[in-house]
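Notes follow once the structure below has been shown.
In what follows, every chain begins at residue 1, and chains take the letters A, B, ... in the order their sequences are listed.
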2 protein chains.
Amino acid sequence: MPLDPVARFRRFARAATAELGALDQSFLGRGRPLGAARVLNAIGRGQEDLAEIRVHLGLDSGLASRLLRSLEQEGLVETVRHREDGRRRVLRLTAKGAEEFAAYESLSDARAAKLLAGRPDAAELLDAMDRIALALGRQHVAIAEADPRGDAALHCLGEYYAELGRRFAQGFDVNLSRDPQAADMVPPKGSFLIAWSDGLPAGCVGVKGAGDGTAEIKRLWVDPLTRGAGLARRLMAAAEARARALGIGVLRLDTNSALPEAVALYRRDGWTEIPRFNDDPYPDLFFEKAL
Amino acid sequence: MPLDPVARFRRFARAATAELGALDQSFLGRGRPLGAARVLNAIGRGQEDLAEIRVHLGLDSGLASRLLRSLEQEGLVETVRHREDGRRRVLRLTAKGAEEFAAYESLSDARAAKLLAGRPDAAELLDAMDRIALALGRQHVAIAEADPRGDAALHCLGEYYAELGRRFAQGFDVNLSRDPQAADMVPPKGSFLIAWSDGLPAGCVGVKGAGDGTAEIKRLWVDPLTRGAGLARRLMAAAEARARALGIGVLRLDTNSALPEAVALYRRDGWTEIPRFNDDPYPDLFFEKAL
DNA sequence: GATGGTATCTGACTTAAGTCAGGAAAAACT
DNA sequence: AGTTTTTCCTGACTTAAGTCAGATACCATC
């Protein structure tokens with residue numbers, strides 16, 4: 001007697017909208033109509049193209065224009081002519097606008113914290129929420145270069161090491177592996193790319209440059225909850241493109257046969273197996289690709 | 001480097017509202033303003049008190065009155081005088097209203113089915129959704145008498161047997177246990193109660209009447225995802241109240257020391273241990289309570 | 001049967017949201 | 001250069017949503 005999937009989904013939808021409606025409420029309470037607050041927040045989250053915002057919020061062009069005008073009159077937003085296309089307008093928060101945006105953010109954060117507080121099962125709840133957010137938001141993952149010593153990078157690497165520890169029969173100790181120096185994964189020598197799912201890291205890859213026109217791909221990791229959507233492949237493609245832009249002509253990498261998905265990906269994407277090129281104890285497979 | 005819980009929660013909230021907004025859209029598309037559609041759906045879901053709906057939807061009394069009026073003029077809703085309180089109005093869908101409600105339901109169902117379709121990970125997704133819906137909606141669980149042979153009852157009992165199988169060292173085979181005849185759990189002899197979480201069963205308990213003023217409590221089960229919120233206790237209290245109403249003076253039950261939470265609950269709620277009163281192979285503890 | 005409280009309704013508002021036709025400026029195309 | 005397309009703006013609307021001050025009918029209580 002399994003329950004009806006549609007009924008389960010709809011129960012979820014009702015519960016979520018009932019609770020999450022409360023989060024939308026934080027868009028009120030600052031003396032500004034919902035529409036204007038939504039536009040302000042879209043700009044604050046980095047959308048700077050009016051057309052983009054119109055599509056995203058589903059607004060009529062006249063309405064969007066008026067809402068923007070009211071924000072301008074409040075002194076919260078300023079518009080600059082687009083450098084290449086004079087018809088377009090680039091939107092930016094003023095200092096006052098940024099303050100106002102921060103106020104909305106902290107209202108939302110407070111509501112979220114309150115909903116989480118005092119739940120003994122918060123950890124499992126958050127895991128379930130991650131699963132859903134990542135599944136529903138797969139399309140919106142964006143890859144961007146990041147500091148390999150930043151918090152997001154450390155999160156990704158921590159998860160990566162933990163997974164290797166689970167997957168390798170002998171476990172995995174970072175200290176036994178040649179830890180790639182972060183300095184080699186910063187331009188102009190190399191690069192470190194993170195896949196961002198709505199502001200949270202969901203995957204990473206490092207390009208560790210040798211400084212001689214070659215580099216190694218390191219630390220390819222994808223959050224287990226987002227796997228199966230081709231993110232690893234997108235990360236590899238982004239890493240190759242970035243390497244090319246940095247003037248790197250040959251990429252190498254080492255990996256382990258205990259990671260068959262990764263090995264299959266490399267073979268499929270034009271990597272060729274080569275002999276061992278280091279004495280790291282963990283890898284047993286080595287690949288190369290000319291760019 | 002764990003991710004910030006608030007950020008995770010808010011990512012979830014954004015992903016969910018973006019996707020679930022689509023479900024709200026099904027409230028449009030039938031040529032009726034959102035407000036009226038929401039009232040119609042609230043009535044269709046069983047809310048028949050105008051004040052209740054006003055609170056639930058957060059409406060001003062004037063607004064609620066007008067929305068209701070427009071539904072009446074469309075011939076979708078009729079109002080009856082409350083039997084006990086003449087100020088109140090009991091709301092009911094007309095045949096035409098029920099049709100219209102069903103149309104909204106199937107629109108929503110179709111959207112939900114579409115969002116689920118083609119997801120290879122639908123099963124895990126639904127588990128995560130259940131967890132969230134049950135955690136967020138704990139307050140809204142309602143206990144009601146149900147047919148012990150109905151689909152919901154079969155679902156609960158299936159889960160119950162499966163859990164016993166996991167918890168008992170020797171496993172559990174329904175056929176070895178004295179299966180309570182469903183007929184003994186139907187009024188006036190006994191009762192079968194289900195805890196409903198927004199239309200889906202989240203727990204159950206049976207009162208198996210002997211017909212001589214005594215009865216046995218059977219099949220107390222709570223969905224693992226809702227545990228820890230006192231639902232078992234509420235179910236037991238409801239079962240006792242129902243038994244009392246059926247003229248039952250003494251309740252008995254058998255249980256197993258492999259189910260310590262249940263045993264603790266019985267002891268806490270005024271049950272006293274008694275000697276074995278049947279030869280069922282599974283139980284090793286026996287309790288009684290005078291009503 | 002007077003008093004106070006409750007549930008709903010009515011009418012007169014204000015504000016927000018959404019629609020639509022048209023127009024100006026800039027870009028893209030021919 | 002002329003035409004078309006794109007991007008945004010403006011003004012004149014309609015509709016929905018929300019507010020508020022009473023009015024009406026009913027209930028409970030003394």
Just checking, any donor-acceptor pair under 3.5 angstrom between side chains of [X] and [Y]?
| X | Y | result |
| --- | --- | --- |
| B/Arg32 | B/Tyr104 | yes |
| A/Ser191 | A/Glu145 | yes |
| A/Ser197 | B/Arg11 | yes |

Handout entry: Length of the CG-C1' vector between B/Leu34 and D/dA17, whole Å
Key =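 Distance check: B/Leu34 CG to D/dA17 C1' gives 10 Å.
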Completion exercise
note: A/Arg81, atom CZ; C/dA25, atom C1'; distance rounded to Å ~ 9 Å
Practice task
Tell me which residues in residues 38-73 of chain A put a heavy atom below 4.0 Å from DNA chain C, sorted by number, or none.
Solution key: A/Asp60, A/Leu63, A/Arg66
Problem - Basic-acidic side-chain contact under 4.0 Å: B/Lys96, B/Glu74 - result: no
Practice task
Give a yes or no on whether a salt bridge exists between B/Asp269 and B/Lys289, defined as a side-chain N under 4.0 angstrom from a carboxylate O.
Solution key: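 A salt bridge is absent here (no side-chain N lies under 4.0 Å from a carboxylate O).
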